[in-house]
Trainee: 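Submitted below is the structure of interest, expressed as structure tokens.
For clarity, every value in this text was computed on a predicted model and none was experimentally measured. Numbering of ligands and ligand atoms starts at 1, following listing order.
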Amino acid sequence: MRCSRPVWRGFKMRIPFDNSYAQLPPQMYTAQLPTPVDAPQMIAANADLATILGIDPAEVSTAEAAQVFAGNHIPDGAAPLAQVYAGHQFGNWNPQLGDGRAVLLGEVIGTDGQRRDIQLKGSGPTPYSRSGDGRAWLGPVMREYLVSEAMHAMGVPTTRALAAVTTGEDVYREERLPGAVIARVAQSHVRVGTFQYFASRGDMMALHALTDHVIARHYPQANGPAELLDLVIARYAKLIAKWMGLGFIHGVMNTDNVSIAGETIDYGPCAFIDGFHPDAVFSAIDQFGRYAYSNQPGIGAWNMAQFATALIPLMPDREAAVADFTAAVHRMPVLYEAAWLDVFGAKLGLANVVEDDRALIMDLLGLMTKDGADFTNTFANLGTDTARDQFIDRAGFDAWQERWSLRKSPEAAAVMAHANPQIIPRNHRVEDVINAGRNGDYAPFHALLAAVTNPYAPLTDATAPFARAPSKDEQVTRTFCGT
Ligand code: AMP
Ligand code: MG
């Protein structure tokens with residue numbers, strides 16, 4: 001039996017903590033240490049990210065670092081805590097959520113001047129665990145590591161992965177599985193659901209403190225809640241447009257999984273579409289397709305309506321605020337459509353994209369839908385036979401290409417090369433890597449990580465297999481939260 005925390009002396013890794021959330025009113029979190037684990041082993045560490053955070057990159061992949069990222073050793077300056085929040089889960093209000101399997105170790109101000117959280121996920125129970133065990137298994141940890149780093153490499157705002165470790169302990173889901181912890185980094189972990197928690201309780205002190213914190217930290221240009229709302233909406237509209245441009249389905253766009261900083265957060269049953277269909281849904285728990293690919297922009301606006309609602313109590317004239325905030329939320333689809341046009345305009349290398357180009361883009365997506373064309377490979381190879389081969393209706397595609405050629409910019413090739421990844425973390429590849437990891441073989445994980453973090457490079461013999469679409473047998477049709 002483990003009775004006491006082992007004492008680790010002489011740790012070399014220094015994390016330059018500068019904690020601000022821990023200074024906020026006490027009802028906003030619970031001080032919470034991670035629960036130590038038996039035998040931490042390093043799976044992966046992100047030296048580049050460490051450097052940005054001001055941590056010596058040579059120190060993040062050592063056996064000592066594994067003790068830190070597993071939560072066995074609390075580094076100097078950390079102030080571990082679990083944050084409380086609420087949220088709408090699949091549209092249903094849940095008044096009490098929170099970090100149920102995570103602790104915020106603390107914050108650092110990076111070499112780029114940016115403040116970021118370092119959070120351990122899978123670090124043991126907290127007062128917000130409800131019936132959960134506070135743990136994560138290796139599969140979701142590897143998936144989050146791969147997908148978040150791929151998203152970053154593709155220019156999508158996202159939380160990032162600093163390290164992943166196995167715990168040497170088993171967790172029990174439907175079966176016995178190896179436990180793991182991911183150390184993730186975010187601009188912050190404040191969610192729409194964090195605002196909802198305090199607004200729903202009428203805790204004006206905390207709601208004011210949270211709003212001030214978020215403005216100072218993420219939107220210093222905002223003068224009050226109304227401007228904050230506008231800025232969050234603008235960031236979120238752009239974020240979702242980027243997801244759409246990659247065929248990415250988040251899978252659980254609950255309000256507790258919506259980052260106020262506008263980053264992609266909480267990679268659960270997320271998936272990238274292979275053969276395109278706008279109604280694609282992968283998550284096994286998303287029975288009615290609430291978070292289907294094409295529903296994401298509408299759900300995004302719904303989520304911003306919940307954010308707006310949570311800000312209303314801060315406004316002196318509530319009636320006027322309801323009207324103003326409603327108008328702000330209604331601007332989200334307009335901002336989203338403009339961002340979408342920019343994203344897909346770049347994917348097609350269009351010259352000075354204009355509203356009329358929307359039909360050209362939609363028509364390509366229509367052809368792709370009809371023939372189940374591979375989303376990534378169609379865009380990555382437009383203008384070559386590889387793209388044409390995606391289509392059964394070759395005549396339809398050729399006619400479309402004629403129209404496209406009239407709108408293509410002279411610099412199309414260069415623009416397209418940076419707008420259309422060759423390699424994404426395909427669902428079947430991620431599953432293969434997880435299966436290998438369960439058998440203790442992390443080489444496939446590292447190979448896939450290297451490929452997806454260099455997504456725009458021309459394919460080589462070594463990387464081409466990662467670009468291949470799944471065969472019928474390989475196709476993954478269901479993904480799981482699997483926490
Ligand atoms: P998610 O939708 O996966 O982001 O999680 C929703 C809520 O469930 C969050 O409050 C999590 O902290 C909590 N949760 C998920 N998995 C666990 C677990 N294994 N133990 C405790 N809490 C969990
Ligand atoms: Mg979550």
Side-chain angles (χ1 to χ4, degrees), residues 28-30 32-35 37 70-71 80-104 117 119-145 147-148 158-159 161 167 169-182 184-198 200 249-271 282-287 290-291 296 299 303 306-307 479-483:
M28 295 175 66
Y29 55 85
T30 302
Q32 176 69 55
L33 292 172
T35 306
V37 297
L81 59 85
Q83 295 178 332
V84 68
Y85 49 85
H88 281 91
Q89 300 180 300
F90 289 87
N92 302 307
W93 173 240
N94 191 331
Q96 165 77 68
L97 292 162
D99 292 334
R101 55 174 152 162
V103 293
L104 175 66
D117 282 359
Q119 190 201 61
L120 304 183
K121 184 172 171 183
S123 54
T126 78
Y128 314 118
S129 298
R130 298 175 292 162
S131 56
D133 60 1
R135 293 296 183 190
W137 78 273
L138 182 61
V141 165
M142 293 176 98
R143 175 176 284 111
E144 175 156 344
Y145 200 117
V147 181
S148 67
T158 177
T159 63
T167 59
E169 295 180 3
D170 291 330
V171 298
Y172 296 87
R173 298 295 179 253
E174 254 112 64
E175 54 190 317
R176 200 169 68 155
L177 296 161
V181 178
I182 183 166
R184 77 173 174 192
V185 170
Q187 283 190 29
S188 82
H189 285 82
V190 177
R191 304 140 192 275
V192 166
T194 320
F195 280 84
Q196 289 181 292
Y197 179 85
F198 300 109
S200 68
I249 305 173
H250 180 281
V252 211
M253 293 172 70
N254 294 340
T255 57
D256 52 299
N257 292 335
V258 179
S259 154
I260 291 294
E263 293 181 324
T264 314
I265 192 170
D266 281 1
Y267 293 87
C270 62
F282 289 86
S283 170
I285 59 166
D286 193 358
Q287 257 183 308
R290 179 182 170 89
Y291 301 133
Q296 296 186 120
I299 288 292
N303 288 340
Q306 307 316 313
F307 182 41
T479 55
F480 301 89
C481 287
T483 55

Trainee: In the structure I gave you, are the side-chain heavy atoms of D99 and Q119 within less than 4.5 Å of one another anywhere?
Mentor: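 Counting from C-beta outward, D99 and Q119 do come under 4.5 Å.
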Trainee: Would you indicate which of Q96, Q89, R101 comes nearest to atom 1 (P) of ligand 1 when only heavy atoms are counted?
Mentor: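 Of the listed residues, R101 has the closest heavy atom.
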Trainee: Which residues satisfy the side-chain contact (heavy atoms from CB on, under 4.5 Å) test with A86, sequence neighbours excluded?
Mentor: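 With sequence neighbours excluded, A86 shows a side-chain contact (heavy atoms from CB on, under 4.5 Å) to W93, Y197, given in chain and number order.
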Trainee: Taking non-hydrogen atoms only, is R173 closer than 4.0 angstrom to ligand 1 via side chain, backbone, both or neither?
Mentor: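 Looking at R173 and ligand 1, just side chain atoms fall under 4.0 Å.
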Trainee: Check side-chain contact (heavy atoms from CB on, under 4.5 Å) between S259 and all other residues, then give those that pass, not counting sequence neighbours.
Mentor: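 Expected list: A261, E263, I265.
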Trainee: Hey, is the main chain of P269 close enough, under 3.5 Å, to the side chain of T479 for a donor-acceptor pair?
Mentor: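 Yes; judged by distance alone, with no hydrogens or angles, the pair exists.
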Trainee: Which residue in the set R184, H250, H189 passes side-chain hydrogen bond (donor to acceptor under 3.5 Å, both in side chains) when paired with D266?
Mentor: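 Between D266 and the candidates, side-chain hydrogen bond (donor to acceptor under 3.5 Å, both in side chains) is satisfied uniquely by R184.
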Trainee: Can you count the protein N/O/S atoms lying under 2.8 Å from the Mg ion (ligand 2), leaving waters out?
Mentor: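 Total protein N/O/S atoms under 2.8 Å from the Mg ion (ligand 2): 2.
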Trainee: Please list, chain by chain and in numerical order, all residues satisfying side-chain contact (heavy atoms from CB on, under 4.5 Å) with T30, sequence neighbours excluded.
Mentor: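 Result, side-chain contact (heavy atoms from CB on, under 4.5 Å) vs T30: P127, Y128.
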Trainee: Looking at R135 and D170, is there a salt bridge between them, counting it only when a charged N and a carboxylate O are closer than 4.0 Å?
Mentor: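 Answer for the salt bridge query: no.
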Trainee: Find all atoms of ligand 1 within a distance of less than 4.0 Å from any non-hydrogen atom belonging to R135, and give their numbers and elements.
Mentor: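 Atoms satisfying the 4.0 Å criterion: 19 (N).
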Trainee: Can Q196 and T255 be counted as having a side-chain donor-acceptor contact under 3.5 angstrom?
Mentor: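 Yes, a side-chain donor-acceptor pair sits under 3.5 Å.
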Trainee: Under a 4.0 angstrom heavy-atom cut-off, which atoms of ligand 1 come close to R130?
Mentor: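 This gives 7 (C), 8 (O), 13 (C) as the contact atoms.
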Trainee: Any nitrogen or oxygen of N257, side chain or backbone, less than 3.5 Å from one on ligand 1?
Mentor: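 Yes, N257 has an N/O under 3.5 Å of an N/O on ligand 1.
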Trainee: Counting only heavy atoms closer than 4.0 Å, does ligand 1 sit against the backbone of Y128, its side chain, both, or neither?
Mentor: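 Neither part.
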Trainee: Using a 4.5 Å cut-off on heavy atoms from C-beta on, say whether the side chain of V84 contacts that of Y29.
Mentor: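 No, too far: nothing below the 4.5 Å cut-off.
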Trainee: Using a 4.0 Å cutoff against the non-hydrogen atoms of G134, which atoms of ligand 1 qualify?
Mentor: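 Here the atoms of ligand 1 in question are 18 (C), 19 (N), 20 (N), 21 (C).
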Trainee: In terms of atom number and element, which parts of ligand 1 are under 4.0 angstrom from non-hydrogen atoms of D266?
Mentor: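 What qualifies from ligand 1 is 4 (O).
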Trainee: Within this structure, what is the CG-CD distance for the pair D256 and Q89, rounded to the nearest 0.5 Å?
Mentor: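 CD of Q89 is found 5.0 Å from CG of D256.
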Trainee: Applying a strict 4.0 Å limit to heavy atoms, is N254 in contact with ligand 1?
Mentor: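 Checking ligand 1 against N254, which is what was asked, there is no heavy-atom contact under 4.0 Å.
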Trainee: Between the candidates G100, G132, G98, which shows the shortest non-hydrogen contact distance to atom 10 (O) of ligand 1?
Mentor: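 Looking at heavy atoms only, the winner is G98.
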Trainee: Would R191 pass as a cation-pi partner of Y85, given that its NZ or CZ must be under 6.0 Å from the six-membered ring centre and within 45 degrees of the axis?
Mentor: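 Yes; both conditions hold, so R191 lies above the ring face of Y85.
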